[in-house]
2 protein chains.
Amino acid sequence: MRRPTIADVAARAGCSPATASRALSGGGPVSEAARLRVDAAARALGFRLDPLGRALRRGRSGAIGVLAPSLANPVFAEAIEGVEVAAAAAGLTVLVACVGYDAAREAAAAEALIDRRVDGLVMTVADAAASLAVDRARRSGTPCALMFNQPPDGVTAVCVDNRAAAGDVAEAMLAAGRRRLGFVAGRFATSDRSRQRFEGLAAALAEAGARPPELVEVSYADHDHRAALAALFARAPRIDALFCSNDMLALAVIAGLRALGRSVPDDVAVVGFDGVAVGALTQPSLATVVTPTAEMGRAAAGLLLAARAQGRPPAPEALILPHQFRPGESLAGAADPDTARQRQVRPSPGKALRQTSEESET
Amino acid sequence: MRRPTIADVAARAGCSPATASRALSGGGPVSEAARLRVDAAARALGFRLDPLGRALRRGRSGAIGVLAPSLANPVFAEAIEGVEVAAAAAGLTVLVACVGYDAAREAAAAEALIDRRVDGLVMTVADAAASLAVDRARRSGTPCALMFNQPPDGVTAVCVDNRAAAGDVAEAMLAAGRRRLGFVAGRFATSDRSRQRFEGLAAALAEAGARPPELVEVSYADHDHRAALAALFARAPRIDALFCSNDMLALAVIAGLRALGRSVPDDVAVVGFDGVAVGALTQPSLATVVTPTAEMGRAAAGLLLAARAQGRPPAPEALILPHQFRPGESLAGAADPDTARQRQVRPSPGKALRQTSEESET
DNA sequence: CTGTTAGCGCATTCAC
DNA sequence: GTGAATGCGCTAACAG
């Protein structure tokens, strides 16, 4: 028993396929009577409009494409769910592509989504300033918004101010009495955010007249960072605080430090970035910069959809969402007041702990 | 500048669209000379076969559909990446749909993927024994394989033996001297795995002549389980071990217990299920059942693809992959030998710690 | 308001 | 080995 087509529905409703199409897809003018007959016929046959025929004819698929580096980092999983929320609210579906932090695969994945006639593209790319994927979107005329990336001029994006946030981290570390800072980076080549956070840290330390940060880059594919950390400490034995370019990396670094016999935060403080939920569940709890992850996806999709509804391209500017430093036991001593006092902790001025919505009580 | 079509390629190559199609999609017989001219023309024009026209014409999209409850649990993220690996190896792409643990959305999402002519469907459903999504796949003739779900007769699936694994957990808990066990379940209505794990626990306890487990169901949407845990302890104050139906839940439960002033594992042991990487990074490290998550997705897709290559439907049976209990500080005292000794810990016989590949050293 | 026509891009007949 | 013709399912023009 073959899938019914719109012609079957039309036949059953006693009208032409064109009228059935208008009735079913809300297109042109249809009499109320015809609409009812078509709806009834469609229901009776279990008919659904075929997205393929539709997309081929209309040039748009009714789907939003999402391009993310990986699903392994919950940050992207949450952002994708944010996109889905916004898309579903507009009656669109979502097509997800992951590229494994591989800049080369970005362009190909973007093309694959564009080929499927996505109505818009929400992406996180390795390097927003030189992205083939953004290029492809432009050239194809597919509206496009970045998330997480801070965009170059002319590109729409939703992000946080990575440099400023890193500055907040520097401030908090210095306030906690840490003096010799290191930065553990996911590879700059695969994450411009990582580089911006490093730059923000370095700039803040320079401004404070503090020693410049040590840098170690690690691969996103690795989960065991003991070797990299050992090498770092061989080079700079007296490091007392590590800023990691994201939370999942920070958790792995804490485990690596523990394996190397260094205690967190007594020997080395660790701060992450993103504010993933699991960071608040560990012990020590993870000090981090909380960012509105799901909102990033939702807003990026929202920009696309709002623009689409008005038949114009999305505004080529960055929407910078607020971030918030969240203190945690991995930096300073809620769990260890003595050590904290030794290190002359002062509360970071004017910064209150903001709970993420998932953690808030009802 | 319009996208080139296959007709443009044909014109440039001096042949008919039919020949160009045969050359580009590896279909029928083409002379070597023609193939070279077509390839050159396609390259010169930057031509790519249009997946839409192709799918419409062939009735298959060259994509595998994946249906998962959520991206928030890394278990599914990993499994999806497993599917992607297998699909990419076969030259297919992946279409992901998430349904937010909502059984009602399952069928709709499955239909949406089927409408897009996916070559096959890899799904994790709320209840494999009564799944509308599986039903839809069958009726549409779309090959389908479950992952994580233990299937009813006649359905292909890749899974672990949830009941047996839960039995292993019961054994480990008893061996660690725990006597009053509780089970913290993700809602049975949205996860048959959760129910099976509970059943396995209950059966093993019955067989050992131990007290039956207390049960508390919590929502996957919640992150704060203090109220549920408080209610559980009000009912059964002397509970000394909690088995949680998955690792993310277990981590949240540990945080909840800590918030309630109960120490883990001294007051209450906690064991999870899945073996997510982050569980090995926390303190206390999470005792759990390690399952081959990515392999689940890879194998499910593999079954589909192997069957497709031979033009037959996938074998309607379960492929049961091995699981492994992994001891951790949340159950017994690697971190706390004194307590552990008090509780008369014996090493679980014949079970070695197996590291997941991500954690292994090189 | 409705029907007829045409074609989105492609792969497959079927002739040659 | 190649080309011409056809239609996958749908909707946008256009005419009525």
Side-chain angles (χ1 to χ4, degrees), chain A residues 2-39 41-42 45-63 111-112 114-119 140-141 311, chain B residues 1-39 41-42 45-63 111-112 114-119 140-141:
Chain A
R2 199 181 93 277
R3 263 179 67 99
T5 76
I6 205 168
D8 300 324
V9 174
R12 194 173 220 271
C15 65
S16 77
T19 297
S21 171
R22 284 189 282 254
L24 291 167
S25 56
V30 198
S31 72
E32 195 53 26
R35 150 163 287 118
L36 290 174
R37 292 203 322 276
V38 169
D39 282 351
L45 295 174
F47 172 81
R48 300 184 306 275
L49 284 169
D50 185 322
L52 253 37
R54 210 170 147 72
L56 188 56
R57 175 65 231 232
R58 304 184 26 167
R60 294 179 291 125
S61 64
E111 284 182 340
I114 291 165
D115 285 350
R116 287 199 145 77
R117 311 285 201 284
V118 289
D119 290 42
S140 71
Chain B
M1 158 189 130
R2 202 179 92 278
R3 264 179 65 99
T5 77
I6 204 167
D8 300 324
V9 175
R12 192 173 222 272
C15 66
S16 76
T19 297
S21 172
R22 284 189 281 255
L24 290 168
S25 56
V30 197
S31 71
E32 194 54 24
R35 149 163 288 117
L36 289 174
R37 292 203 322 275
V38 170
D39 283 350
L45 295 174
F47 172 81
R48 302 184 303 275
L49 283 168
D50 185 328
L52 254 35
R54 209 171 149 74
L56 189 56
R57 173 66 230 235
R58 304 184 22 165
R60 294 180 292 124
S61 63
E111 284 182 340
I114 292 166
D115 286 350
R116 285 196 146 77
R117 311 284 201 284
V118 290
D119 290 41
S140 71

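Letters A, B, ... are given to chains in the order of the sequence lines, protein chains preceding strands, and every chain is numbered from 1. Only this structure's heavy atoms are used, side chains among them; waters, hydrogens and symmetry mates stay out. Worth saying up front: this structure is predicted, and the values here are computed from it rather than measured.
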### Query
Within the structure, does a side-chain N or O atom of B:Ser31 lie under 4.0 Å from either OP1 or OP2 of D:dG1?
no
### Summary
B/S/- along nucleotides 8-16 of chain D (protein heavy atoms under 4.0 Å) is BBBBBB---
### Query
Counting only side-chain N and O atoms of B:Ser16, is one of them less than 4.0 Å from OP1 or OP2 of D:dA4?
no
### Task
Measure the OG1-CZ distance between A:Thr19 and A:Arg37 for me, rounded to the nearest 0.5 Å.
8.5 Å
#### Entry: From CG (A:Leu45) to CD1 (A:Ile6), nearest 0.5 Å
11.5 Å
### Task
Have a look at B:Ala55 and say if it touches a base, only the backbone sugar-phosphate, or nothing, with a 4.0 Å heavy-atom cut-off.
nothing
### Query
What distance do A:Asp39 atom CG and A:Leu36 atom CG have between them, rounded to the nearest 0.5 Å?
6.5 Å
### Query
Is the closest side-chain heavy-atom distance between B:Arg3 and A:Asp115 below 4.5 Å?
yes
### Message
Between A:Arg57 and A:Asp50 (salt bridge meaning N to carboxylate O under 4.0 Å), is one present in this structure?
### Response
no
